[in-house]
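Along the sequence shown, the residues carry numbers beginning at 1. Because only heavy atoms are used, hydrogens play no part in the values below, and waters and symmetry mates are left out as well, while side chains stay in.
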Amino acid sequence: GSGLALAPFRGIRYASDRVGGIANVTSPPYDVIGPGTVERLLESEPHNVVRLILPGAGSGQSPRDPGVTELAARELRDWLASGVLLRDPRPALYAYEQSLPADGAGMPGLDGTTGPDGSTGPDGTQGWEVVQRGLVGALRLVPPDSPSVLPHEDVMPGPVEGRRELMETTQANLEPIFLLYDSGAADGGPSAATRLVDEVAATRNPLVCAVTDDGTRHRIWALTDPAEHRLVAADLAERSALIPD
């Protein structure tokens, strides 16, 4: 088919008992990391993902040095072997939510609690403003001229080649591509996949919940039910998406 196809996969996640907080192993995207940021990230947690997405970070080598991607591959293998990183036991599509504190809410709890009685909204968003929700999965590769995935504009050959080499050396996709698509249904309401993600966020406990330095709360759920995979597949089959980043 010519539409979008998003397959479940076995994600690799940090073991929460092996690192000093999930928020401390996060990093800005590799291409916006400024001076001093690497040092700050590694001081907060030596296993910060910056060691993987920016090969050579903390080693004295430049990310542009020949063969530097092998450092990231070696770190990834070591962290998997030592149990710092764990592969999920079942293939899943992952629902992902980012939210910010609502105006005047201060900094609510991770689970959305705001009051002394521990009350929380029905979907865990009391005190939080949901910025975006989406799905993470393995996107089927399509030809460059396919209408199902529209390319990012004016990409630069150097960074593209660097990311390709990193993926090839590590045999991993360390920074997912971000896609946008029109998720409306024919009746003007949300699509089946959108309704599913909203229902999951409202009724299930997340696998991961962390607030990063910029105040953003991140929540992730694993969807492992094949029936839900089929629902998402049917919804996306006739859609197209744009790569904005």
Side-chain angles (χ1 to χ4, degrees), residues 1-14 22 26 29 49 85-100 110-112 121-125 128-152 163 167 170-210 216-245:
S2 60
L4 293 174
L6 198 65
F9 70 104
R10 293 175 61 197
I12 293 174
R13 297 185 291 114
Y14 280 97
I22 295 299
T26 66
V49 73
L85 293 175
L86 300 174
R87 190 183 301 274
D88 281 341
R90 299 174 62 187
L93 294 174
Y94 296 86
Y96 176 38
E97 175 194 89
Q98 293 175 301
S99 50
L100 294 172
L110 287 182
D111 59 358
D123 59 356
T125 60
W128 296 91
E129 178 183 356
V130 174
V131 176
Q132 62 182 1
R133 286 180 182 148
L135 286 165
V136 180
L139 183 71
R140 178 180 60 194
L141 295 178
V142 295
D145 58 351
S146 170
S148 62
V149 179
L150 304 178
H152 191 6
R163 291 297 97 180
M167 289 178 65
T170 60
Q171 288 294 288
N173 189 350
L174 300 169
E175 291 186 291
I177 290 173
F178 181 43
L179 299 103
L180 291 174
Y181 72 98
D182 183 351
S183 61
D187 60 4
S191 68
T194 299
R195 292 197 303 270
L196 172 63
V197 171
D198 288 344
E199 177 187 349
V200 167
T203 61
R204 303 182 193 178
N205 293 325
L207 282 177
V208 176
C209 186
T216 304
R217 184 184 68 170
H218 305 258
R219 298 199 296 171
I220 299 173
W221 297 261
L223 282 61
T224 58
D225 186 344
E228 294 176 340
H229 300 166
R230 291 192 292 271
L231 180 150
V232 171
D235 189 1
L236 296 182
E238 302 301 322
R239 301 182 186 274
S240 61
L242 168 70
I243 302 176
D245 206 358

Please set out all donor-acceptor pairs under 3.5 angstrom arising from side-chain atoms of residues 225-237, sequence neighbours excluded.
{"residue": "Asp225", "atom": "OD1", "partner": "Ala227", "partner atom": "N", "Å": "2.9"}
{"residue": "Glu228", "atom": "OE2", "partner": "Arg204", "partner atom": "NH2", "Å": "2.5"}
{"residue": "His229", "atom": "NE2", "partner": "Leu223", "partner atom": "O", "Å": "2.7"}
{"residue": "Asp235", "atom": "OD1", "partner": "Arg239", "partner atom": "NE", "Å": "2.8"}
{"residue": "Asp235", "atom": "OD1", "partner": "Arg239", "partner atom": "NH2", "Å": "2.8"}
{"residue": "Asp235", "atom": "OD2", "partner": "Ser191", "partner atom": "OG", "Å": "3.0"}
{"residue": "Asp235", "atom": "OD2", "partner": "Ala192", "partner atom": "N", "Å": "3.3"}
{"residue": "Asp235", "atom": "OD2", "partner": "Ala193", "partner atom": "N", "Å": "2.6"}

- CG of Leu6 to CG of Leu93, rounded to nearest 0.5 Å, is 5.5 Å
- Note on the structure: CG (Leu174) and CE (Met167) are apart, to the nearest 0.5 Å, by 8.5 Å
- For the pair Phe9 and Val136, evaluate side-chain contact (heavy atoms from CB on, under 4.5 Å) and give the outcome as yes or no after the intermediate values. CA-CA 9 Å; Phe9 70 104; Val136 180; 4.2 Å; yes
- Could you go step by step and tell me if Val149 and Ile243 meet the side-chain contact (heavy atoms from CB on, under 4.5 Å) rule? CA-CA 7 Å; Val149 179; Ile243 302 176; 3.7 Å; yes
- Enter the distance from Leu100:CG to Trp128:CH2 here, rounded to the nearest 0.5 Å. 8.0 Å
- Note on the structure: On a heavy-atom basis, the closest approach of Arg219 and Ala201 is NH2-O, 3.8 Å
- Item | Gap between atom CD1 of Ile22 and atom OG1 of Thr26 - 0.5 Å precision | 9.5 Å
- Task: Report the residues that fulfil side-chain hydrogen bond (donor to acceptor under 3.5 Å, both in side chains) with Gln132, sequence neighbours left out, ordered by chain and then residue number.
- Result: Gln98
- Query: So, Thr203 side chain and Glu199 main chain: donor-acceptor pair closer than 3.5 Å or not?
  - Reply: yes
- Message: The criterion is side-chain contact (heavy atoms from CB on, under 4.5 Å); which residues satisfy it with Ala241, sequence neighbours excluded?
- Response: Leu4, Leu179, Tyr181
- Message: Just to verify, what does Tyr94 make a side-chain hydrogen bond (donor to acceptor under 3.5 Å, both in side chains) with, not counting sequence neighbours?
- Response: Asp88
- Note on the structure: Looking only at heavy atoms, the pair that brings Ala92 and Ala222 closest together is CB-CB, 4.0 Å
- Query: What is the minimum heavy-atom distance between Ser240 and Pro147, and which atoms define it?
  - Reply: CB-O, 3.1 Å
- What pairs with Phe178 under ring-ring contact (aromatic ring centres under 6.0 Å, His included), at least two apart in sequence or on another chain? none
- Task: Would you name the heavy atoms of Arg133 and Asp198 that are closest together and state the gap between them?
- Result: NH1-OD1, 3.0 Å
- Message: How long is the straight-line distance from NE2 of His218 back to OH of Tyr96, given to the nearest 0.5 Å?
- Response: 4.5 Å
- Heavy atoms of Arg10 and Pro89 approach each other most closely as NE-O, 3.8 Å
- Query: Do Tyr14 and Leu86 pass the side-chain contact (heavy atoms from CB on, under 4.5 Å) test, and can you show the C-alpha distance, the side-chain angles, and the key distance before you say yes or no?
  - Reply: CA-CA 6 Å; Tyr14 280 97; Leu86 300 174; over 6 Å; no
- Could you tell me whether the side chain of Pro206 reaches within less than 4.5 Å of the side chain of Ile220, counting heavy atoms only? no
- In terms of heavy-atom contacts, does CD1 of Ile177 have more than 12 from other residues, nucleotides or ligands at under 6.0 Å? no
- Heavy-atom nearest pair, Val208 first then Arg13, reads CG2-NH1, 3.9 Å
- Item | Arg217 side chain vs Ala210 backbone, donor-acceptor pair below 3.5 Å | no
- Item | Separation between OG of Ser146 and CZ of Arg140, rounded to the nearest 0.5 Å | 8.0 Å
- With sequence neighbours excluded, what pairs up with Pro151 under the side-chain contact (heavy atoms from CB on, under 4.5 Å) test? none
